[in-house]
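Atom set for the values below is all heavy atoms of this structure, side chains included, hydrogens, waters and symmetry mates excluded.
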Amino acid sequence: MRLTHFGHSCVLVELNGSTILIDPGSFSHGFEGITGLDAILVTHQHADHADQQRLPALVEANPGAALYSDPQTATQLGGGWRGVHAGDEFQVGGVHVTGTGGTHAVIHPDIPVIDNTAFLLGDADNPARLMHPGDSLFVPEQKVDVLALPAAAPWMKMSETIDYLRAVAPRVAVPIHQAIIANEATGIFYARFADMAADGTDFRTMPEESSIEVA
C-alpha cells in the first residue's frame, strides 16, 4: 500500500491496483492535478474534508472515478455521488470498501451532529488494511492495520486522541487532520502519540505531497 498525504485529511491510497482519494478539502493542497482516480471518497460535508469549490474540477478530470460520501454530503453534491451508510460495502477495483461509524464527533451540544462515514479499505485477506475515520473516534470491530489518526480538532483533546489510538491499536498509525496545529507545534503532538501508543503500534509521519510505502 502506498499513501500520499496532501495535507490535513486528504490522503491518496494506492492499493491492489486501485487509486482512491479521500477527503480533498479546503485545507489540503496538491491534489488538484490528479488524474486516473478509480474513486473519490468523502467522509462528511465540512469544507476541510470536501472543498466544493475544487471538487467539480477534480471530478471532471477523473470521469472514471466512482464517487462516494456520507449520505448528507451525497445529497448536497448531487450528480453521481452515492451515499454510504454504516455497514454498506462496495468494491473499487481490487479494493473492498466498508462504510462504518455514521456520525460526526460532538463539537458542542448546541451544534447539530451531522453524518460522518468512516471508511475501511482492504481486501479478502484483511478488510481493514486502512481506516480513515473522518471526524470521528469510531472504533471498528475489525482489526485495523493502518489508521489515519486525527491529530487535533475542535472536537477532541489530546488525551482522547491517545485513548483512541490505544483502543484501535493499529499496526501503523499516520497523523492526519493537523492543519489546525501550527507547524512548530506538531512535534509536541506527534511525540506524545508515538510515546503513548499501544505496544506494537508504529507511529509514522507522512511528509505532505510525498508518499510512503506501508508493507
Side-chain angles (χ1 to χ4, degrees), residues 1-23 41 43-44 49 86-87 89 92 94-105 116-153 155-181 183 185-215:
M1 181 165 52
R2 184 180 181 88
L3 304 177
T4 307
H5 189 208
F6 290 101
H8 204 53
S9 286
C10 186
V11 180
L12 182 71
V13 183
E14 297 170 80
L15 175 64
N16 295 345
S18 295
T19 305
I20 299 171
L21 186 69
I22 307 175
D23 278 5
L41 309 182
T43 60
H44 66 285
H49 294 257
E89 300 181 31
V92 177
V95 178
H96 184 78
V97 184
T98 304
T100 191
T103 57
H104 192 286
N116 181 98
T117 300
F119 290 105
L120 300 174
L121 279 61
D123 48 36
D125 293 330
N126 183 354
R129 296 211 35 207
L130 174 77
M131 179 179 182
H132 192 302
D135 278 7
S136 76
L137 298 177
F138 181 79
V139 179
E141 61 182 21
Q142 298 89 341
K143 175 62 177 175
V144 174
D145 189 43
V146 180
L147 172 66
L149 176 71
W155 43 268
M156 183 176 63
K157 298 184 296 185
M158 181 185 287
S159 62
E160 294 172 319
T161 309
I162 293 168
D163 287 345
Y164 179 60
L165 179 57
R166 289 175 172 178
V168 178
R171 182 177 64 87
V172 177
V174 292
I176 60 169
H177 209 278
Q178 69 280 75
I180 67 170
I181 311 172
N183 289 334
T186 54
I188 297 172
F189 288 78
Y190 295 171
R192 289 295 185 189
F193 301 153
D195 290 344
M196 301 183 72
D199 291 342
T201 294
D202 177 21
F203 182 82
R204 299 175 57 182
T205 58
M206 295 189 294
E208 293 188 5
E209 296 187 39
S210 297
S211 302
I212 64 170
E213 301 280 349
V214 183

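How far CZ of F193 is from CD1 of I162: 6.0 Å, rounded to the nearest 0.5 Å. A distance of 11.5 Å separates OG in S159 from CZ in R192, rounded to the nearest 0.5 Å. Atom CD of E89 is separated from atom OG1 of T100 by 10.0 Å, given to the nearest 0.5 angstrom. Remark: T4 OG1 to L12 CG distance equals 5.0 Å, nearest 0.5 Å.
For H132 (side chain) and S9 (main-chain N/O), a donor-acceptor pair under 3.5 Å exists by modelled atom type.
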Donor-acceptor contacts under 3.5 Å from residues 202-209 side chains, at least two apart:
unit_1, atom_1, unit_2, atom_2, d
R204, NH1, E213, O, 3.4
E208, OE1, H29, NE2, 2.8
E209, OE2, H29, ND1, 2.7

With a cut-off of 3.5 Å and sequence neighbours excluded, list every side-chain donor-acceptor pair involving residues 134-147.
unit_1, atom_1, unit_2, atom_2, d
D135, OD1, H49, NE2, 3.0
D135, OD1, H177, NE2, 3.0
D135, OD2, H44, NE2, 3.2
D135, OD2, H104, NE2, 2.9
D135, OD2, W155, NE1, 3.4
S136, OG, P133, O, 2.8
K143, NZ, A169, O, 2.4
D145, OD1, R171, NE, 2.6
D145, OD2, R171, NH2, 3.0

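Residues satisfying the side chain to side chain contact (heavy atoms under 4.5 Å, CB included) test with A179, not counting sequence neighbours, are H8, F27. Qualifying salt bridge (charged side-chain N to carboxylate O under 4.0 Å, His left out) partners for E14, counting only residues two or more places apart in sequence or in other chains: R2. Residues that satisfy the side chain to side chain donor-acceptor pair (under 3.5 Å) test with Y164, not counting sequence neighbours, are absent from this structure.
Looking at heavy atoms from C-beta onward, Y190 lies in side-chain contact with P175 at the 4.5 angstrom threshold. With contacts defined as side-chain heavy-atom distances shorter than 4.5 Å, the pair L15/L130 does not qualify. With a 4.5 Å cut-off on side-chain heavy atoms, T19 and V13 do not count as touching. Side chains of M196 and M158 form no contact here, defined as non-hydrogen atoms less than 4.5 Å apart. Taking the side chain as every heavy atom from C-beta outward, I176 and D23 never approach each other to under 4.5 Å.
Taking both residues in full, the closest heavy atoms of T201 and P170 are given as OG1-O, 2.6 Å, listed atom of the first, atom of the second, then distance. Between A151 and I181, the shortest heavy-atom contact is CB-CD1, 4.3 Å.
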From CA spacing to verdict: side-chain contact (heavy atoms from CB on, under 4.5 Å), F119, I20: CA-CA 11 Å; F119 290 105; I20 299 171; over 6 Å; no
Residue pair V97, L121: steps toward the side-chain contact (heavy atoms from CB on, under 4.5 Å) verdict: CA-CA 5 Å; V97 184; L121 279 61; 4.3 Å; yes
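Within the structure, salt bridge (charged side-chain N to carboxylate O under 4.0 Å, His left out) contacts touching residues 118-129 (residues at least two apart or in different chains) are D123-R129.
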